[in-house]
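Letters go in sequence order (proteins before strands), and every chain restarts at 1. If you're wondering where the values come from, they're calculated on a predicted model, not measured in any experiment.
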Protein chains: 2
Amino acid sequence: MKRTKKERQTELTSRIQENPFVTDDELAKFFEVSVQTIRLDRMELSIPELRERIKHVAEQTFEDEVRSLPIDEVIGEIIDVELDDYAISIFDVQNEHVFQRNHIARGHHLFAQANSLAVALINDDLALTAKAAIEFCKPVHSGQRVISKAKAIRNEGRRTIVEVKSSVGKEVVFKGEFDMYRSSAKKEED
Amino acid sequence: MKRTKKERQTELTSRIQENPFVTDDELAKFFEVSVQTIRLDRMELSIPELRERIKHVAEQTFEDEVRSLPIDEVIGEIIDVELDDYAISIFDVQNEHVFQRNHIARGHHLFAQANSLAVALINDDLALTAKAAIEFCKPVHSGQRVISKAKAIRNEGRRTIVEVKSSVGKEVVFKGEFDMYRSSAKKEED
DNA sequence: ACTACTATTAGTACCAAGTGTTAGTATCGG
DNA sequence: CCGATACTAACACTTGGTACTAATAGTAGT
């Protein structure tokens, strides 16, 4: 079943998008066209060759300055971080995050945002949550944007106490105190 | 200034480590030896070629990106529940639940299992978590099965205190006390 | 001095996954 | 039927290698 050129090119784009590791040859077989056609398509769509694509993906991670944690291991989007000091993230509550019955956000999503922010804050390869005391102050509904602020407030050797407050607008909806464990004691700055 | 073979190889390893994007040619020029020598060194140290190195770096990130799926509706599978009394669920820790770096399960997944179990336990349309004090006792790794047991231990009008203990085998890995809020006071059973 | 051994270099053939270019065919619309 | 668009094919060249063979230099042992 042959597609038109346009259809093929749209699908080509998305296929390469979702799997950058695919070769022209594999694509040619999949679309039942010649490799040359695939190459022409890539030209027109200005999609670089396999090696360049892979290199690009590799460079992204490699040049990532955030040592403690890749950005996408975080629930919510980190918008500012000063390691071992403070961090801020935003999390947009969508339909999939709420109870169907009452449209209130499930607690674990708010927790996840706060927890992963606390982890991201710690300037250490191995940061784990040891304990936490949390409070869900107000229900959050779908469509709302939660801004979470984490602050390292105390160091006790391998433990760092992180305070997290999440708000919707001016309203605090969640607070928590996280007792974070790190693999090595924090180096005191001079 | 020529180094010995051993010196060169140690430095070669670290140079490639800190910059996987370097070619044999560049290394040869840096060490003032022939490319062949560099290749022999790589053989001996079993360091793969440039493209394989880059591919490896890229695959890591790519897997990380794919992994960042949202938390499901129900976390863990509830295998037994007696409303307002106790509930049990199991949760199999998969690769997507752990930190790539150290393969330890991210805290919010364990929290999510416990929290949703606590919610499920409450015999009420509108059950919300108000507060929680939790403790991550032992790291959980991918492949392990976490069994979570929730028990309602006290009722205070619209509040129900639920105690949750999660274990892998006989080992307790997580405990928490959840202060649950319900829309109506608990109906006394007859 | 002769031999053995290691380290290094050189050169060849080959590969994957391309680029760049030219040329030829097929198919469709007006 | 003509010409445009789409597709295919073929060839030379590129990068960054592998795999293999052969040659050379230096050093130590006996």
Side-chain angles (χ1 to χ4, degrees), chain A residues 1-65 67 70-72, chain B residues 1-68 95 100-101:
Chain A
M1 187 212 72
K2 290 259 172 181
R3 299 147 175 87
T4 107
K5 187 184 178 180
K6 213 155 205 168
E7 284 175 337
R8 188 188 57 232
Q9 291 198 344
T10 352
E11 205 184 327
L12 187 86
T13 315
S14 61
R15 279 191 85 83
I16 292 178
Q17 181 88 12
E18 74 184 35
N19 176 21
F21 299 89
V22 68
T23 64
D24 287 0
D25 214 71
E26 289 165 348
L27 290 165
K29 267 159 200 154
F30 176 80
F31 287 109
E32 289 169 313
V33 292
S34 67
V35 259
Q36 285 83 349
T37 305
I38 298 294
R39 314 250 224 243
L40 283 172
D41 285 348
R42 277 201 298 99
M43 301 283 140
E44 286 180 28
L45 301 164
S46 53
I47 297 168
E49 62 167 292
L50 170 75
R51 284 148 177 163
E52 291 305 311
R53 296 196 300 264
I54 291 181
K55 203 171 166 183
H56 194 83
V57 175
E59 273 164 352
Q60 281 184 329
T61 13
F62 199 74
E63 283 165 11
D64 219 351
E65 293 286 323
R67 266 193 46 236
I71 223 94
D72 36 324
Chain B
M1 188 211 73
K2 291 259 173 183
R3 299 147 176 88
T4 106
K5 186 183 178 181
K6 212 154 205 171
E7 284 174 339
R8 191 189 55 233
Q9 292 197 343
T10 348
E11 206 183 327
L12 187 87
T13 315
S14 62
R15 280 191 85 83
I16 292 179
Q17 181 89 9
E18 75 183 34
N19 176 22
F21 300 89
V22 68
T23 64
D24 287 0
D25 215 72
E26 289 165 348
L27 290 165
K29 266 159 200 154
F30 176 80
F31 286 109
E32 291 170 313
V33 293
S34 68
V35 259
Q36 285 81 351
T37 306
I38 298 295
R39 315 250 224 242
L40 283 172
D41 285 348
R42 277 201 297 100
M43 301 282 142
E44 285 179 29
L45 302 163
S46 53
I47 296 168
E49 62 167 292
L50 170 74
R51 284 150 177 162
E52 292 305 312
R53 294 196 300 264
I54 290 181
K55 203 170 166 185
H56 196 252
V57 175
E59 273 164 352
Q60 281 185 328
T61 25
F62 198 72
E63 278 163 19
D64 280 359
E65 271 165 33
V66 170
R67 180 214 16 73
S68 70
N95 274 328
Q100 281 317 90
R101 197 107 55 176

Closest nucleotide among [options] to the [X] side chain:
X	options	result
A:Met43	D:dT18, C:dT19, C:dT9	C:dT19
A:Thr37	D:dG17, D:dC7, C:dT9	D:dC7
B:Asp24	D:dG17, C:dG18, C:dT8	D:dG17
A:Val33	D:dT8, C:dG18, C:dT8	D:dT8
B:Lys5	C:dA7, C:dT19, D:dT15	C:dA7

Is any side-chain nitrogen or oxygen of [X] closer than 4.0 Å to OP1 or OP2 of [N]?
X	N	answer
A:Arg39	D:dC7	no
B:Ser34	C:dT9	yes
B:Arg53	D:dG16	no
A:Thr23	C:dA17	no
B:Arg8	C:dA7	no

Can any side-chain N or O of B:Thr10 pair as donor or acceptor with the backbone N or O of B:Glu7 at less than 3.5 Å?
->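 Judged by distance alone, yes, a pair lies under 3.5 Å.
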
Sort out for me which residue in B:Val33, B:Thr13, B:Asp24, B:Leu12 forms a side-chain contact (heavy atoms from CB on, under 4.5 Å) with B:Asp41.
->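 Among B:Val33, B:Thr13, B:Asp24, B:Leu12, the one that satisfies the side-chain contact (heavy atoms from CB on, under 4.5 Å) with B:Asp41 is B:Leu12.
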
Identify whether any heavy atom of A:Glu49 sits under 4.0 Å from a base atom; if not, whether one sits that close to sugar-phosphate; answer base, sugar-phosphate or nothing.
->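 If one applies the 4.0 Å heavy-atom cut-off, A:Glu49 turns out to touch the sugar-phosphate alone, with no base involved.
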
Please round to the nearest 0.5 Å and tell me the distance separating atom CD1 of B:Ile16 and atom CZ of B:Arg42.
-> 6.5 Å

Can you tell me the distance, in whole Å, between the [atom1] atom of [X] and the [atom2] atom of [N]?
X	N	atom1	atom2	result
B:Leu50	C:dA16	CG	P	18 Å
A:Glu52	D:dT15	CD	C1'	10 Å
B:Leu40	D:dA19	CG	P	12 Å
B:Gln36	D:dG16	CD	P	16 Å
A:Phe21	C:dG18	CZ	P	13 Å
B:Asp41	D:dG17	CG	P	14 Å

On the ring face of B:Phe30, is B:Arg15 found with NZ or CZ under 6.0 Å from the centre and within 45° of the axis?
-> yes

In terms of the nearest nucleotide of DNA chain D, which residue is placed more toward the 5' end: B:Asp25 or A:Val35?
->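 Result of the comparison: A:Val35.
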
Got a salt bridge between A:Glu44 and A:Lys5, using NZ or NE/NH1/NH2 to carboxylate O under 4.0 Å?
-> yes

